[in-house]
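Only heavy atoms go into these numbers, but all of them, side chains included; no hydrogens, no water, no symmetry mates.
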Amino acid sequence: MTDTETTRSKRTRLAVLFLFVSSSFLCGQETIDGIAAIVGDNIVLKSELAELVFRSALELKLDPQRDTDRLSKLQKQVLESMIDQKLMLEMAEIETVEVNDREVDAALDQYLESLVAQYGSEARVAELMGKSVTEMRRELWPDMHDQLISQRFQEELLSDVAVTRNEVVTFYDEYRDSLQALPTLYDISHILFGFAPGEESRQAAYDYIRSIRRRVLTGEDFAALAREYSQDPGSSPHGGELGLVSRGTLVPEFEELAFSLEPDETSAIIKTGFGYHIVQLVNKVGEKINVRHILISPQMSDADEDSVYSAALSIRDSIVSGNDFSTFAQRYSAHELSRLQGGNLGWVSPSTLPVPEMAEALPILTVGDISVPIRSNDGYHLLLLQGIKVGGFPALSSHWSEIETLALAKKKSDFFSDWIEKASSSLYIKTFIQ
């Protein structure tokens with residue numbers, strides 16, 4: 001199957017998914033146009049439900065042609081969740097639960113960043129969702145605000161729920177046969193020395209794109225050169241064209257340059273995190289532009305990789321304690337999510353580690369050991385093993401904290417279900433979708 005056919009197939013499946021989600025809302029025997037449910041003074045719109053089911057289905061990678069039963073169950077689950085949230089919003093208003101705008105912005109940033117990370121780029125998210133990330137941010141802000149209000153109310157509602165020692169023992173006696181075996185967990189920290197092209201490699205890439213730009217300026221066709229030389233796999237088959245985009249969609253430095261161009265004007269060389277670009281404006285339509293570009297990314301050489309390995313080995317030789325490891329991680333690690341925590345990844349199971357090479361190294365380390373540099377696709381890692389929790393079938397003598405956590409979760413779930421049932425009886429609730 002060609003790239004074009006693959007893209008067309010994906011778009012077809014997404015269209016079918018949207019149609020399924022939309023049309024399934026018409027199956028109720030009694031309907032009020034536009035409303036999926038009423039909860040007190042709040043309503044759940046069919047459009048809101050459709051949007052959330054659509055996003056959830058994408059995240060779960062459901063196929064509308066094969067997963068129709070799962071999609072129907074998902075719609076029901078999402079609607080129940082939205083009704084519960086509206087119910088909590090009603091009660092939260094009485095209790096004057098509040099969140100500030102900064103909290104909403106931070107939560108929304110985290111959600112959108114995870115979405116971009118899942119699909120690879122903002123452009124891909126925009127293609128799937130039919131709107132730019134900026135548009136999604138604006139539309140999702142009220143929903144995120146309500147979600148945080150509901151979460152805070154639920155946290156306050158459950159804050160006093162606790163389990164006694166006897167309750168943990170009772171829980172274990174009742175559910176021991178259904179508890180799953182626990183994996184062995186490792187408390188680890190790491191420092192990532194990311195792969196990065198050296199100065200010579202960057203200069204070679206710059207010289208290469210400069211020669212391509214000269215060819216454009218002397219009259220050669222930009223689109224033809226993009227198809228032949230651009231290292232952007234998404235746009236090069238289309239002559240480098242990105243399609244119509246609005247502000248807030250592209251990398252900031254690229255976007256600023258692109259919006260400053262006149263039609264058919266070719267830009268100077270610009271550097272982004274992807275490499276070196278030259279850009280040409282195709283046309284403007286209202287507040288949107290269509291540009292084509294050529295990307296040349298600096299390539300790692302063997303000498304560059306040797307330099308990264310040597311740096312990792314040198315730092316390893318300099319570390320003499322766990323405190324040193326944390327300090328060096330904060331200073332040198334290229335892994336942003338753990339760097340500020342001194343490289344600590346917490347208690348992890350080898351099966352859930354995103355870097356298989358790190359998981360393979362764990363069994364040969366003892367507590368306190370620092371590994372030799374471990375190569376992965378991202379670079380070289382130094383791994384510090386700080387503790388081990390032996391797994392196996394849960395037993396009170398060896399897994400008390402894990403069993404206590406499960407018992408507490410069960411008690412909170414039961415408490416919340418009872419609360420929902422009682423609160424529901426005090427409000428008018430009606431659904432218009434079966």
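Counting heavy atoms of neighbouring residues, nucleotides and ligands inside a 6.0 Å radius, atom CD of Glu421 does not exceed 12 of them.
Of the N and O atoms on the side chains of Asp105 and Trp141, at least one donor lies less than 3.5 Å from an acceptor on the other residue. Under 3.5 Å, the side chains of Ser338 and His335 contain a donor-acceptor pair of N or O atoms. In this model, a donor atom of one side chain and an acceptor atom of the other lie less than 3.5 Å apart for His381 and Ser376. Side-chain N/O atoms of Gln85 and Asp146 include no donor and acceptor closer than 3.5 Å. A donor-acceptor pair shorter than 3.5 Å cannot be found between the side chains of Ser417 and Asp414. For the residue pair Asp324/Thr327, the side-chain donor-acceptor check at 3.5 Å is not satisfied. Using a 3.5 Å distance cut-off with no hydrogens or angles, the side chains of Asp304 and Ser301 do pair a donor with an acceptor. The closest side-chain donor-acceptor pair between Thr272 and His277 falls under 3.5 angstrom. A donor-acceptor pair shorter than 3.5 Å can be found between the side chains of Arg292 and Gln280.
Side-chain contact between Tyr186 and Leu353 is absent, with no heavy atoms from C-beta onward closer than 4.5 Å. Under the 4.5 Å side-chain criterion, counting only non-hydrogen atoms from C-beta, Glu255 is in contact with Arg247. With contacts defined as side-chain heavy-atom distances shorter than 4.5 Å, the pair Leu71/Gln75 does not qualify. Side chains of Glu253 and Ile270 form a contact here, defined as non-hydrogen atoms less than 4.5 Å apart. Side-chain contact between Asp369 and Ile364 is absent, with no heavy-atom pair separated by less than 4.5 Å.
A salt bridge does not link Glu155 with Lys412: none of the charged nitrogens is closer than 4.0 Å to a carboxylate oxygen.
Of all the heavy atoms in Tyr172 and Pro394, the pair that sits closest is OH-O, 2.8 Å. Across all their heavy atoms, Arg316 and Ile370 have their closest contact at NH2-O, 2.9 Å. Closest approach of Arg138 to Pro142, counting heavy atoms only: O-CD, 3.7 Å.
Under the rule for a side chain to side chain contact (heavy atoms under 4.5 Å, CB included), the partners of Arg202 that lie at least two apart in sequence or sit in another chain are Pro197, Glu199, Lys271, Tyr276, Pro298. Among residues two or more places apart in sequence or in another chain, the side chain to side chain contact (heavy atoms under 4.5 Å, CB included) test is passed with Glu139 by Lys131.
The side chain to side chain donor-acceptor pair (under 3.5 Å) analysis of residues 341-350, with sequence neighbours excluded, yields the pairs Asp187-Asn344, Ser189-Asn344, Asn344-Gln386, Ser349-Ser351.
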